[in-house]
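Remarks on the structure that follows.
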Amino acid sequence: MFCCSRNGNQQAQRNRMTRFRFSAEEVQELQRRFQRMANGSNFLTKNQFRDNMGLLGLETVQVLSDCLFQIIDEDQDGKIQFNEFLAYFDKITYGSQDEKAEISYKLIDQNRKGYFTLRDFQQTMQALIDSWVVMTGTAITNEIRDHLEKRVAYIFTQMDKNNDEKVSFNEYKGILVSDPTLLDIFEFLRKGITISIKEATLKQDQIVLSEFYLIKDQAVNLFETMIGLRQNRCSVTLQPKPNLIQSLILCQKKMKTNISSQFGIQYLMGDEVDALSLRMSSTMNANKGRQQGVQTSEIIQGNSQLGPYIHRGDQEIPIKIDYNVKSKESEETLDPELTDGLEKINYMAEDQIRDNYKEALIKIHELKQQTQQSLDRLEKMYQKKLEEFSINKKRDQEIAEKRRATIANINKKRKTALSVQFGHQNWNLVLNMMIGIQMAVKSVNALSDYEVTLKDFKLKYYFELMPKRTGNEKATFKVCKFFDYAPQVFNHIRKMFFIDNDNYLSSIGPETLLSSILKGDLSTLSELTSTGKSGSFFYYSQDGIYTLKTISKTEFTFMRHILYNYFKHLKDHRQSLIIKLFGMHKIILDDKKIHFVIMSNVFKTSHEINIRYDIKGSLHQRKTPNNADYTVARKDLNFIESHEKINIKIDKQSELLKQLCKDADFFAQNNIIDYSLLLGIHEINFLQTTARTEISQEIESEDISIIQSKTGDKIYFFGIIDILTNFNTKKKIEYCCKRCFQGPDISAIPPHQYAERFKRFITNMFRNNV
């Protein structure tokens with residue numbers, strides 16, 4: 001009876017398993033994770049779940065872990081059973097868009113009302129933002145919080161299609177499908193606010209330019225006015241002063257009326273205006289109030305010795321000017337310093353006034369020219385800033401589009417067993433890697449004109465990251481230590497290859513994790529154990545653009561030793577095929593020292609790599625079994641047996657081989673061996689209507705790392721990897737021993753011999769003979 005009951009339970013469990021989409025191996029892996037999290041128990045408590053969430057289980061940010069616990073605990077009994085655990089991972093791994101949207105929706109609608117309000121949405125977003133602040137140590141100003149509040153309110157209004165101040169599941173699901181990036185609050189936090197500030201700055205620049213144009217026009221008008229007076233006063237011998245002063249006063253009044261900002265003429269011209277005022281000042285009395293219709297009359301200069309007169313019809317009426325009486329308007333308009341200058345002109349002789357007038361005319365002409373030159377410089381600066389802003393915005397949009405494409409070239413066919421998620425033994429390590437990288441990159445002084453010096457190659461920065469939660473009820477904490485090596489050097493390398501630090505962090509920073517929690521797709525980094533002898537671990541970023549590779553202390557030390565030469569080679573040869581390193585770090589967690597580098601992914605493409613090769617030029621034991629998965633790289637002997645030939649245009653082939661020879665020479669000069677050419681081949685299916693468009697967008701004419709075949713049916717991807725093996729004493733002994741017993745085709749041979757053999761083998765891989 002007991003036996004039947006046990007068999008029945010096992011059968012019921014198998015029946016429950018069939019509704020999941022996991023393989024048997026994946027179920028076993030998840031069961032091991034669950035047992036590790038539950039300390040051998042049949043269920044998980046909330047405190048155990050917090051402990052296994054690592055940094056996200058800390059008291060200051062545990063709101064998120066509690067929300068996740070509530071979502072996984074379907075029967076709401078305060079415990080997570082293995083079936084509930086399995087069901088959650090089944091949905092976030094293989095679930096449809098609707099299933100993932102349901103998990104995301106429950107995170108906001110925590111009370112299961114069937115809808116959520118703006119307040120519910122604000123609370124969830126605030127929890128995410130607070131977690132990000134605590135994890136990264138980033139300070140958020142009140143101004144940024146205001147921007148975020150407006151952004152959250154805007155997102156809610158976009159989701160609330162019915163305008164009933166409630167968002168239903170269908171409304172929420174619809175916005176995830178139509179605009180999946182809308183919920184990425186961290187992308188907005190990182191770049192959106194920056195863009196808003198830049199746009200506001202550009203608008204301010206436009207205002208400044210407009211004001212400067214006005215100043216320029218006023219300088220031109222003033223100059224033309226004075227030229228006109230000079231031409232008309234050739235026959236005037238009496239009192240030319242009033243019209244000149246009138247021009248000055250009129251100009252000053254216009255500027256005071258039209259320009260209210262600090263960029264007015266007095267701010268820009270300064271001493272020249274004051275000096276001019278003192279030299280040219282004089283009192284005048286146009287007696288406008290006594291003359292009816294003077295405003296519609298024209299004041300001109302004639303041959304009369306009486307000075308200026310007004311022309312009304314056929315009559316010429318002379319104007320009597322009393323230089324000792326100040327107009328009321330002048331007193332209200334002019335400042336005391338200018339008034340004093342106007343008084344002094346009464347005591348000047350005609351010759352003195354004439355000389356001052358000439359001097360002022362020269363100065364105003366110079367001022368007009370200088371204003372135009374300054375305006376030209378400002379215009380160029382503004383246009384350059386506007387162009388850079390547009391280029392960066394376009395580049396960000398292109399990167400966002402690439403990230404939305406499917407990255408099919410990482411060995412992630414069975415995602416759960418490989419993805420580093422909570423319950424994984426390296427979960428906390430990955431979280432600390434993400435946070436450490438973010439802190440390191442943000443600490444770099446990103447000056448655009450910074451020149452790397454020799455001392456920058458020796459620098460290392462130290463960071464203490466958030467402590468790890470350990471234990472159960474009474475938690476203890478242990479600090480994680482993070483070291484960043486040569487930060488300015490790697491920052492410069494990123495700039496050389498047009499990698500914006502914001503985009504860099506969006507791929508490998510903690511925001512990726514928090515955003516995926518909100519979207520019901522818990523993704524961090526994907527882990528892959530190296531198939532080589534080193535046993536290194538690779539962590540691919542979610543978008544497939546970057547790879548984090550753990551390396552040995554020996555390799556790490558050697559990389560620091562050759563860093564200057566590596567940097568110089570990349571700087572001199574931008575088309576180098578050598579793998580690009582963008583960061584070099586060490587992390588100490590649980591008393592373990594882990595060295596790792598961040599590098600580019602040679603296959604960062606949305607196109608599937610149908611076959612890949614790892615070519616060293618060596619023939620000894622360089623063959624992959626023919627029945628191996630297509631994602632496993634074939635080797636030198638496989639390439640020979642396939643009779644494959646790389647068929648590209650002759651000019652591209654020549655350029656590629658020339659650069660490859662330079663790279664091989666670099667390795668020889670730096671005593672490096674065991675590197676290999678990673679070759680990927682994508683076979684184009686032209687039955688797909690978008691194939692040609694996508695290919696033309698991806699392949700750049702000057703890039704030799706991605707080249708289309710001459711026949712147009714293939715795309716080749718090239719990159720040189722495994723560059724940190726030094727031909728040291730150990731390798732020399734290995735060379736001597738293996739050469740005697742295994743012959744000359746072994747991998748470990750002296751650097752110059754290795755380079756020559758490598759170049760010969762690669763050259764023979766091409767169809768054309770160069």
Side-chain angles (χ1 to χ4, degrees), residues 405 407-409 573-580 600-619 622-626 628-665 675-722 745 755-770:
I407 307 299
N409 312 308
H573 306 284
R574 299 296 174 93
Q575 293 284 6
S576 173
L577 297 173
I578 299 175
I579 195 78
K580 311 303 183 297
S600 58
N601 180 11
V602 176
F603 300 146
K604 55 178 181 182
T605 174
S606 59
H607 301 300
E608 184 176 9
I609 302 299
N610 302 107
I611 188 168
R612 62 199 73 198
Y613 291 97
D614 184 291
I615 305 296
K616 290 181 181 291
S618 169
L619 300 179
R622 294 291 297 164
K623 186 175 181 179
T624 300
N626 293 329
D629 190 273
Y630 79 99
T631 59
V632 178
R634 271 54 182 169
K635 297 180 182 177
D636 306 61
L637 288 173
N638 298 102
F639 187 87
I640 294 173
E641 292 174 1
S642 71
H643 302 292
E644 177 86 37
K645 287 292 183 180
I646 301 172
N647 184 21
I648 58 177
K649 292 180 180 179
I650 193 71
D651 58 334
K652 279 290 184 182
Q653 178 179 323
S654 177
E655 186 180 0
L656 178 68
L657 289 176
K658 184 177 179 181
Q659 182 58 57
L660 188 138
C661 289
K662 291 179 181 178
D663 291 337
D665 292 339
Y675 49 90
S676 57
L677 176 71
L678 188 60
L679 167 66
I681 303 175
H682 167 68
E683 297 172 352
I684 300 173
N685 181 7
F686 285 115
L687 295 178
Q688 299 176 358
T689 55
T690 59
R692 291 182 184 274
T693 304
E694 292 174 354
I695 290 166
S696 62
Q697 289 176 347
E698 185 161 354
I699 299 175
E700 298 179 9
S701 59
E702 297 180 358
D703 191 2
I704 59 173
S705 64
I706 305 176
I707 303 177
Q708 191 168 2
S709 66
K710 187 187 292 186
T711 54
D713 60 342
K714 293 178 181 178
I715 302 178
Y716 299 104
F717 297 84
F718 303 93
I720 300 178
I721 61 172
D722 297 335
D745 288 329
E756 292 304 317
R757 184 181 67 183
F758 180 75
K759 288 187 282 189
R760 283 197 305 271
F761 192 97
I762 301 300
T763 302
N764 292 330
M765 292 171 63
F766 288 83
R767 184 178 296 271
N768 303 312
N769 293 322
V770 179

Do Tyr716 and Ile681 have side chains that get closer than 4.5 Å, going by heavy atoms?
yes

Name the residue from Ile707, Ile704, Ile648 that meets the side-chain contact (heavy atoms from CB on, under 4.5 Å) definition with Gln653.
Ile648

Say whether, by atom type as modelled, one donor and one acceptor occur between the side chain of Ser654 and the main chain of Ile650 under 3.5 angstrom.
no

Could you tell me if the side chain of Phe718 sits less than 4.5 Å from the side chain of Ile646, heavy atoms only?
yes

Pairing of Lys658 and Glu655 as salt bridge, 4.0 angstrom limit
no

Side-chain donor-acceptor pair under 3.5 Å between Asp713 and Ser709, yes or no?
yes

Do Phe761 and Leu677 have side chains that get closer than 4.5 Å, going by heavy atoms?
no

Taking everything shown except Lys645 itself, do over 12 heavy atoms lie less than 6.0 Å from its NZ?
yes

Run Glu608 and Tyr630 through side chain to side chain contact (heavy atoms under 4.5 Å, CB included) and show every step you take.
CA-CA 11 Å; Glu608 184 176 9; Tyr630 79 99; 2.7 Å; yes

When rounded to the nearest 0.5 Å, the distance separating CD1 of Ile609 from CZ of Phe717 is 4.5 Å

Minimum heavy-atom distance between Ala755 and Tyr675, given as atom pair plus value:
CA-OH, 3.3 Å

Checking side chain to side chain contact (heavy atoms under 4.5 Å, CB included) for the pair Lys714/Asn647: CA distance, chi angles, key distance, verdict?
CA-CA 9 Å; Lys714 293 178 181 178; Asn647 184 21; over 6 Å; no

About how many Å separate CE of Met765 and CD1 of Ile640, when rounded to the nearest 0.5 Å?
9.5 Å

Shortest non-hydrogen contact from Ser576 toward Asp663:
OG-OD1, 3.0 Å

Is there side-chain contact between Leu656 and Phe766, with heavy atoms separated by less than 4.5 Å?
yes

Does any non-hydrogen side-chain atom of Ile611 lie less than 4.5 Å from one of Glu644?
no

So which atom in Leu577 and which in Ser705 form the shortest heavy-atom distance, rounded to 0.1 Å?
CD2-CA, 4.2 Å

So, applying side-chain hydrogen bond (donor to acceptor under 3.5 Å, both in side chains) with Asp636, which one of Arg622, Lys616, Lys623 is it?
Arg622

With rounding to the nearest 0.5 Å, note down the distance linking NZ in Lys662 to CG in Leu657.
12.5 Å

Compare every heavy atom of Thr624 with every heavy atom of Arg634, then report the nearest pair and how far apart it is.
CA-OG1, 3.7 Å

Measure up the His607 and His682 rings against each other and bin them: parallel (under 30°), tilted (30 to 60°), perpendicular (over 60°).
parallel

Using side-chain heavy atoms (C-beta onward) and a distance below 4.5 Å, is Arg612 in contact with Phe603?
yes

Any side-chain heavy atom of Asn638 within less than 4.5 Å of one from Asn626?
yes

So does Ile578 get a backbone contact from the side chain of Lys580, meaning a donor-acceptor N/O pair under 3.5 Å?
yes

Tell me, do Leu660 and Thr763 make a side-chain contact under 4.5 Å, heavy atoms counted?
no

For a quick test of reading the model, state the closest non-hydrogen atom pair linking Ser618 to Arg757 and the distance between them.
CB-NH2, 3.7 Å

I would like to know whether Asp703 and Gln575 meet side chain to side chain contact (heavy atoms under 4.5 Å, CB included); could you show each step before the answer?
CA-CA 7 Å; Asp703 191 2; Gln575 293 284 6; 4.0 Å; yes

